[in-house]
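Beneath this line is the structure, given in structure tokens, with notes to follow.
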Amino acid sequence: MMKVLNEQLVDTKKITNILVTIVIIIGAFVVPTFLAKIIPLGKYQQLVVGTIVNMSLILTALYTKGSIKTVAIATLPSISTILGGLLFGGMTLYSKTMIPAIWLGNFAFILLYKVLYVNKSWKYLVVASMAVLTKTMIIYLGFMIMVNTMIVPDMVKQTLSTSMGITQLITATSGSLLVTLIMILTRVKRDKVKQ
């Protein structure tokens with residue numbers, strides 16, 4: 001596992017690696033906490049923020065190396081959401097209960113890109129499809145476990161069912177498409193690097 005997490009898609013100089021990591025952290029941590037507070041996104045908030053977060057998770061898989069960095073970035077969006085809830089209100093018990101499933105889904109998402117695209121050189125579209133479906137299924141399974149083990153009001157069930165299901169599918173797919181665009185625009189060529 002450590003060997004897999006210590007590879008990246010392209011060789012980057014130390015300063016480039018630091019800059020990429022900063023951009024990823026902004027996407028995975030700063031955006032979920034503060035973007036919607038600065039720019040009112042209304043009903044599109046989860047779509048915009050989720051797309052940016054998923055793009056950051058994929059960039060983590062492709063352009064960074066190291067298990068500590070990978071695990072940290074997989075958990076940052078949820079930590080950011082907790083922080084945003086504490087700072088700005090709105091974080092419910094039900095949302096907090098979903099955090100372990102979200103962490104697991106994010107880590108699986110990163111790991112599939114890292115293992116199958118970076119390490120095994122599978123086609124990006126195949127990996128993206130598998131990663132998106134896996135992440136969505138893990139998070140939705142967490143939701144199903146929660147609603148079957150807790151008393152959850154119907155309105156919360158409906159909202160979380162959408163947020164943890166179809167919205168996850170849409171934002172993970174959108175994040176994957178954005179990364180495709182980034183790779184095309186930057187003309188990234190596969191150059192796997194070991195630490």
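Remember, it's a predicted structure, so these values are computed and weren't measured experimentally.
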Tell me who clusters with Leu141, hydrophobic residues only, linked when side chains sit under 4.5 Å apart either directly or through other members.
Ile145
Between the OG1 atom in Thr136 and the CD1 atom in Ile170, the distance rounded to the nearest 0.5 Å is 9.5 Å
Work out which heavy atom in Ala131 is nearest to a heavy atom in Leu112; give both atom names and the distance.
CA-CD1, 3.7 Å
Is any side-chain heavy atom of Ile58 closer than 4.5 Å to a side-chain heavy atom of Ser176?
yes
Distance col, row Gln168:CD vs Thr173:OG1, nearest 0.5 angstrom, shows 10.5 Å
Is any side-chain heavy atom of Gln46 closer than 4.5 Å to a side-chain heavy atom of Ser163?
yes
State, with a plain yes or no, whether a side-chain heavy atom of Met55 is found less than 4.5 Å away from one of Ile182.
yes
Check whether any side-chain heavy atom of Met146 sits under 4.5 Å from a side-chain heavy atom of Leu160, and report yes or no.
yes
Could you tell me whether the side chain of Thr51 and the main chain of Gly175 form a donor-acceptor pair under 3.5 Å?
no
Sub-4.5 Å side-chain heavy-atom contact between Leu169 and Leu133
yes
Do you reckon Leu177 sits in the same ILVMFWY cluster as Tyr63, going by side-chain contacts under 4.5 Å, direct or chained?
no
My understanding is that only residues two or more places apart in sequence, or in another chain, count here; which of them pass side chain to side chain donor-acceptor pair (under 3.5 Å) with Thr171?
Asn54
Any side-chain heavy atom of Ile138 sitting closer than 4.5 Å to one from Phe109?
no
For the atom pair CH2 (Trp103) and CD1 (Ile139), what is the distance rounded to the nearest 0.5 Å?
13.0 Å
Between Leu178 and Leu47, is there shared hydrophobic-cluster membership here, with clusters defined by ILVMFWY side-chain heavy atoms closer than 4.5 Å?
yes
Specify whether Tyr117 and Tyr124 have parallel, tilted or perpendicular ring planes, treating 30° as the upper limit for parallel and 60° as the lower limit for perpendicular.
perpendicular
What's the separation between atom CG in Leu76 and atom CD1 in Ile26, rounded to the nearest 0.5 Å?
12.0 Å
Could you tell me which non-hydrogen atom of Thr60 sits nearest to which non-hydrogen atom of Ile73, and how far apart they are?
OG1-CG2, 3.1 Å
Hydrophobic cluster identity match, Ile102 and Met137, side-chain contacts under 4.5 Å
no
NZ-OG1 distance between Lys114 and Thr70, expressed to the nearest 0.5 angstrom:
5.0 Å
Any donor-acceptor pair under 3.5 Å from Thr75 side chain to Ala72 backbone:
yes
Heavy-atom distance under 4.5 Å between the side chains of Val118 and Leu62, does that happen here?
yes
Value for CG (Asn119) from CG (Leu116), rounded to nearest 0.5 Å, stands at 8.5 Å
Residue pair Lys135 / Asn106, side-chain donor-acceptor N/O under 3.5 Å:
yes
Quick test of your reading: applying ring-ring contact (aromatic ring centres under 6.0 Å, His included), list the pairs with at least one residue in residues 136-182, sequence neighbours left out, ordered by first then second residue.
Tyr140-Phe143
Do the side chains of Ile99 and Leu104 join up, straight or via other hydrophobic residues, at under 4.5 Å, putting them in one cluster?
no
Quick one: does Leu57's side chain get under 4.5 Å of Tyr113's, heavy atoms only?
no
